[in-house]
Engineer: 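Let me give you the structure first, and then I'll get to my questions.
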Amino acid sequence: MLIQYPVIDLYSTGKNLRRLCAIRGISVRDLQKYCGFTNPQSVYRWFSGKVLPSVDNLYALSILLGVSMNDIIVSKDDDVVFLLYALAK
């Protein structure tokens, strides 16, 4: 079975991170303080999909949000990967 190399969708991951924070009532300023940033620009860049959080920050965010790191990340090929996995069973 051929599985495509997974690629992270930056925009959808940022949108998902923003959604998870909104559900839990976590603001940009809350994330800024939690991550120890001097300004909120990094958080805004995550939310807009311009960059991904570092692995350390992604791990910390997963703890804060009560989800796995995989629940934050959105793959460009999620549907394809899940379909191929289901077909392999």
Side-chain angles (χ1 to χ4, degrees):
M1 176 178 84
L2 177 63
I3 297 180
Q4 294 179 345
Y5 185 81
V7 177
I8 296 172
D9 184 328
L10 271 66
Y11 177 77
S12 295
T13 297
K15 189 174 173 183
N16 188 43
L17 180 57
R18 189 176 339 128
R19 180 187 65 81
L20 291 168
C21 289
I23 289 170
R24 288 158 182 80
I26 298 171
S27 71
V28 170
R29 294 284 181 196
D30 294 335
L31 287 183
Q32 173 193 341
K33 290 178 185 177
Y34 180 73
C35 293
F37 300 146
T38 55
N39 61 57
Q41 291 308 83
S42 293
V43 178
Y44 285 120
R45 290 172 53 92
W46 296 342
F47 282 2
S48 68
K50 292 183 179 171
V51 296
L52 289 172
S54 68
V55 173
D56 288 341
N57 285 327
L58 187 60
Y59 177 69
L61 291 169
S62 74
I63 300 299
L64 178 67
L65 297 169
V67 299
S68 74
M69 291 175 21
N70 285 343
D71 290 334
I72 297 171
I73 296 170
V74 178
S75 172
K76 286 187 178 186
D77 301 317
D78 271 346
D79 293 337
V80 173
V81 172
F82 289 129
L83 177 61
L84 290 173
Y85 178 76
L87 292 174
K89 287 186 172 186

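Because only heavy atoms are used, hydrogens play no part in the values below, and waters and symmetry mates are left out as well, while side chains stay in.
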Engineer: I need the Ile73 CD1 to Ser12 OG distance, nearest 0.5 Å.
Structural biologist: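 Answer rounded to 0.5 Å: 12.5 Å.
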
Engineer: Can you give me the closest heavy-atom contact between Val28 and Pro40, atom names plus distance?
Structural biologist: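 In this case the closest contact between Val28 and Pro40 is CG1-CB, 3.6 Å.
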
Engineer: Can you check whether Ile8 reaches Val74 side chain to side chain, under 4.5 Å on heavy atoms?
Structural biologist: no

Engineer: Once rounded to the nearest 0.5 Å, what's the spacing between atom CD1 of Ile26 and atom CG of Leu31?
Structural biologist: 6.0 Å

Engineer: What pairs meet the ring-ring contact (aromatic ring centres under 6.0 Å, His included) rule with one or both residues in residues 14-52, with sequence neighbours excluded?
Structural biologist: Phe37-Trp46

Engineer: Going by side chain to side chain donor-acceptor pair (under 3.5 Å), name the pairs with one or both residues in residues 58-68, residues two or more places apart or in two chains.
Structural biologist: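 Sorted result for residues 58-68: Ser68-Asp71.
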
Engineer: Can Leu52 be reached from Met69 by stepping across I, L, V, M, F, W or Y side chains whose heavy atoms are under 4.5 Å apart?
Structural biologist: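 Yes.
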
Engineer: Measuring only between side-chain heavy atoms, which start at C-beta, is Leu65 closer than 4.5 Å to Arg24?
Structural biologist: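 Yes - at least one pair of side-chain heavy atoms lies under 4.5 Å apart.
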
Engineer: Any chance you could measure Ser48, atom OG, to Arg45, atom CZ, to the nearest 0.5 Å?
Structural biologist: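 Taking OG in Ser48 and CZ in Arg45, the distance rounds to 7.0 Å.
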
Engineer: Tell me the closest heavy-atom pair linking Asp9 and Lys76, and the distance in Å.
Structural biologist: CB-CG, 3.5 Å

Engineer: Could you tell me which non-hydrogen atom of Lys50 sits nearest to which non-hydrogen atom of Leu10, and how far apart they are?
Structural biologist: O-CD2, 3.7 Å

Engineer: Can you tell me how far CD1 of Ile72 sits from CZ of Arg19, rounded to the nearest 0.5 angstrom?
Structural biologist: 10.5 Å

Engineer: Quick one: pull up CZ in Arg29 and CG in Asn39 and give me the separation to the nearest 0.5 Å.
Structural biologist: 8.5 Å

Engineer: Provide the closest heavy-atom pair for Leu17 versus Pro53 in the form atom of the first, atom of the second, distance.
Structural biologist: CD2-CG, 4.4 Å

Engineer: Evaluate the side-chain proximity of Val67 to Leu61: yes if any heavy-atom separation is below 4.5 Å, no if none is.
Structural biologist: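 They are not in side-chain contact.
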
Engineer: Is Gln32 reaching over with its side chain to a backbone N or O of Val43, donor-acceptor style, under 3.5 angstrom?
Structural biologist: no

Engineer: Can you hop from Ile63 to Leu58 via hydrophobic side chains spaced under 4.5 Å?
Structural biologist: yes

Engineer: Take Thr13 and Asn16 through the test side-chain hydrogen bond (donor to acceptor under 3.5 Å, both in side chains) and record every step on the way to the result.
Structural biologist: CA-CA 5 Å; Thr13 297; Asn16 188 43; over 6 Å; no

